Amino acid sequence: MPLAQWKEAVLQEVARACRTAFGRDPEGLEVGYPPEVELGDFAVGCFPLARQFRMSPAEIARRIVEAAAPRPPVAAIGASGPYLNVTLLPDHLFGVSIAALREAGGRYGDSAAGAGRRVMVEYLSPNTNKPLHLGHLRNAALGIALVRLLEATGHHVIPAILINDRGVHICKSMLAWQRFAAGATPESEGMKGDHFVGQWYVRYAVEAEKDPSLEAAVQEMLQRWEAGDPETLALWKQMNGWVYAGFEETYRRFGMRFEVFYYESDTYRLGKDVIADGLNRGVFARDGRGNVVFPLPEKPFGREKDGSLKRVTVLRADGTSLYITQDIGTAIRKVTEHALDSSVYVVGSEQEHHFQCLFAILEALGFPWAQACRHLSYGMVYLPEGKMKSREGKVVDADDLIAGMVELAAEEIRRRDPEGRLAEEEIRRRAETIGVGAIKFYLLRVRPAQSIHFDPAESISFDGFTGPYCQYAYARIFGILEKAAERGVSEAGADFGRLGNAEEKLLLRHLLEFPEEVAAAASEFSPARLATHVFHTARAFNQFYNRHAVLQAESPALAAARLALIHATALVLRRGLELLGLEVLENM
RNA sequence: GCGCCUGUAGCUCAGCGGGAUAGAGCAACGGACUUCUAAUCCGUAGGCCGGGGGUUCGAAUCCCUCCAGGCGCGCCA
């Protein structure tokens, strides 16, 4: 981590000057950056020293500068009010940093904070009665990025999905198909399986409006399903099979990957034994109606109006289970089957209370890993008209959105290739990477806690703070590297002492900060933080690119140094985008 | 009623373990392609950082309070 090394060098040099000036080591100093790169590479505010030396920070800064006798890698220390601005020798700063970065290669930015820890990340909980929508894509984008971020920080990550494949809602599409489809299949209709089934779910709602008796028929079907009626199970399996085939396509296209699939039809019976055991041990209690309840600790949950502890019902009096019953069972099953240290749930913020309860219960049951479990909560995705409601048909379908974005990207590619040199296959390949990347970046660029107001016009933009902007910067660098090879320009003989203009310094700073940003994004569960940094890096490159020539630089030694700098930039952009779940293109 | 989240430029957002003149992107206006890809860059304009109080040498950032919006608050999932 070269950045830590530079900061340490800065602190040591400041400390040395401080000893000369005051005869004592400074305490509590931190290294930051000056507001303008021209002022220096690093900055140290002298505020913490005011108490120590009983002097104004500005006066302390002045005296330290007076006493400074900079040694490599420090080139100069200047004072600006209460701040010390430290400039490093460019051949050290650029040379060492770039060498370290190139050495790390595709693993630059990785760390070992989570080494040895096994964590399951569960994301996306689709229902098998309708296709995925925009909300699922936000969930997926966050899940994909979180998996990669945790891996980059040394965790062993097991990506998992929980599929809601049973219940009344599933029976509705089954019933509608049975009554009205006349044997139609996805194949016969030429439809993607999940869309095909979703169509019958919608049809049910339409028909139930006209014929209230369908409600009872659905309940009956659910009972047959629970009783294990072979015919019902066969239909259920067939229709779910169609849906899974459709989902598979969307998973693949959006880059979702799951190692473990949990099905609610398997897990919905779990948890009862644990609850019985907890009841015996006094973790749970029975309320007046015979329900098994868990009294929520006052600390985070507060109390009821009457002063009693709030509680959640974990098992109904009649012994039937609830959502949380099976979640308790599934959580334990996950840990025991995969030897986990912790479990992460990527689920919408409307379930925050549910997960707080779940974790509190697991902790009360005495599971040591409960404290390490986390809920990555994210806000809603609103459409211009309001919240997405699948039953009202006001949704943005995931497949439609992806296809639309890919098509827009293809149009843009064709517009930039008026002579039609690109093969159709190549256009499609690029459009896929750009279109999907645009969606992912759009969904990741704001903090998870923020709700997203989906703006169709803005979401299809490829300019500014977008995925394609970052991908474009990478492609530009790749173009230069390609041309360098053609022209026989290499990085050999690079003189890093010639680097150091404002654009180069700013770019290098972003490269140096990358590892910290990756670590922070992982520990804060905030891919948005990394998205911002990748964008800033791409922008810093574009600014450099527009002002300075690489291959046509004033001297071969400078050209070689710049080549090394942009090569390092490409590595950071690629890795950063990769951690966000985006792919890069060598040509756009 | 209670809990959590959110409130920063016309719009969408970043910054919020306090520190130099509050930053982007979009939209608007004006510039830059004979030169490594203009999906780019530069410039102009646009802010009582929701209101009020407090802590501090210093507050968008910490504390209190109020206002507005969202989500949730045992026996739905």
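Numbered from 1 within each chain, the chains take letters A, B, ... in sequence-line order. No experiment lies behind these values; they were computed from the predicted model shown.
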Can you tell me if [X] touches the phosphate of [N], counting only side-chain N or O atoms and a distance under 4.0 Å to OP1 or OP2?
| X | N | result |
| --- | --- | --- |
| A:Arg289 | B:G74 | no |
| A:Gln543 | B:C42 | yes |
| A:Arg447 | B:U6 | yes |
| A:Tyr442 | B:C13 | no |
| A:Tyr378 | B:C4 | no |
| A:Gln450 | B:U12 | no |

How long is the line joining [atom1] of [X] and [atom2] of [N], in whole Å?
| X | N | atom1 | atom2 | value |
| --- | --- | --- | --- | --- |
| A:Arg562 | B:C36 | CZ | C1' | 12 Å |
| A:Leu563 | B:C36 | CG | C1' | 10 Å |
| A:Gln52 | B:C57 | CD | P | 18 Å |
| A:Met380 | B:G69 | CE | C1' | 14 Å |
| A:Gln356 | B:C2 | CD | P | 18 Å |
| A:Arg311 | B:C2 | CZ | C1' | 16 Å |
| A:Tyr263 | B:A77 | OH | P | 22 Å |
| A:His353 | B:G74 | NE2 | P | 7 Å |

Integer angstrom distance from the [atom1] of [N] to that of [M]:
| N | M | atom1 | result |
| --- | --- | --- | --- |
| B:C11 | B:C57 | C1' | 38 Å |
| B:G58 | B:C16 | C1' | 16 Å |
| B:U40 | B:C48 | C1' | 37 Å |
| B:A14 | B:U34 | P | 40 Å |
| B:G7 | B:U61 | P | 12 Å |
| B:A24 | B:G46 | C1' | 14 Å |
| B:C49 | B:A22 | P | 11 Å |

Have a look at [X] and say if it touches a base, only the backbone sugar-phosphate, or nothing, with a 4.0 Å heavy-atom cut-off.
| X | value |
| --- | --- |
| A:Ala43 | base |
| A:Pro57 | nothing |
| A:Val293 | base |
| A:Ala549 | base |
| A:Glu298 | nothing |
| A:Asn164 | nothing |
| A:Ile434 | base |
| A:Asn291 | base |
| A:Tyr469 | sugar-phosphate |
| A:Asp318 | nothing |
| A:Val550 | base |
| A:Glu36 | base |
| A:Leu162 | nothing |

Base paired to [N] (Watson-Crick or G-U; both N/O distances under 3.5 angstrom):
| N | result |
| --- | --- |
| B:U40 | B:A32 |
| B:G46 | none |
| B:U21 | none |
| B:A9 | none |
| B:C2 | B:G72 |

(Q) Nearest heavy atom decides the nucleotide; on that basis, is A:Ser349 or A:Pro34 closer to the 5' end of RNA chain B? (A) A:Pro34
For the ring pair [X] and [Y], is the centre-to-centre distance below 6.0 Å?
| X | Y | result |
| --- | --- | --- |
| A:Tyr33 | A:Phe42 | yes |
| A:His133 | A:His136 | yes |
| A:His453 | A:Tyr382 | yes |

Look for any protein N or O under 3.5 Å of an N or O in nucleotides 22-27 of chain B and output each such pair with its distance, or none.
from  : atom 1 : to       : atom 2 : distance (Å)
B:A24 : O3'    : A:Arg539 : NH1    : 3.3
B:G25 : O2'    : A:Phe465 : N      : 3.4

Q: Answer yes or no on whether A:Arg374 is positioned over the face of A:Phe525, meaning its NZ or CZ is under 6.0 Å from the six-membered ring centre and within 45° of the axis.
A: yes
Q.
Tell me whether the NZ or CZ atom of A:Arg476 lies within the 45° cone about the ring axis of A:Phe541 and under 6.0 Å from its centre.
A. no
Using a strict cut-off of less than 4.0 Å between a Lys/Arg side-chain nitrogen and an Asp/Glu carboxylate oxygen, indicate whether [X] and [Y] qualify as a salt bridge.
| X | Y | answer |
| --- | --- | --- |
| A:Arg414 | A:Glu411 | no |
| A:Lys483 | A:Glu486 | no |
| A:Arg428 | A:Glu432 | no |

Q | A:Gln471 (side chain) donor-acceptor with A:Glu583 (main chain) under 3.5 angstrom | A | yes
Q | Syn or anti conformation of B:C5, syn meaning chi within 90° of 0 | A | anti
Between [options], which nucleotide has the shortest distance from any of its atoms to the side chain of [X]?
| X | options | answer |
| --- | --- | --- |
| A:His453 | B:U40, B:A77, B:U12 | B:U12 |
| A:Ser80 | B:C75, B:C36, B:A20 | B:A20 |
| A:Asn546 | B:C36, B:G74, B:U40 | B:U40 |
| A:Glu264 | B:A77, B:A20, B:G70 | B:A77 |

Q: Could you tell me whether the side chain of A:Asn127 has a donor or acceptor atom within less than 3.5 Å of a complementary atom in the base of B:A77?
A: no
Rounded to the nearest 0.5 Å, what separation is found between the [atom1] atom of [X] and the [atom2] atom of [Y]?
| X | Y | atom1 | atom2 | answer |
| --- | --- | --- | --- | --- |
| A:Tyr263 | A:Asn240 | OH | CG | 9.0 Å |
| A:Ile460 | A:Leu408 | CD1 | CG | 5.0 Å |
| A:Thr532 | A:Arg445 | OG1 | CZ | 9.5 Å |

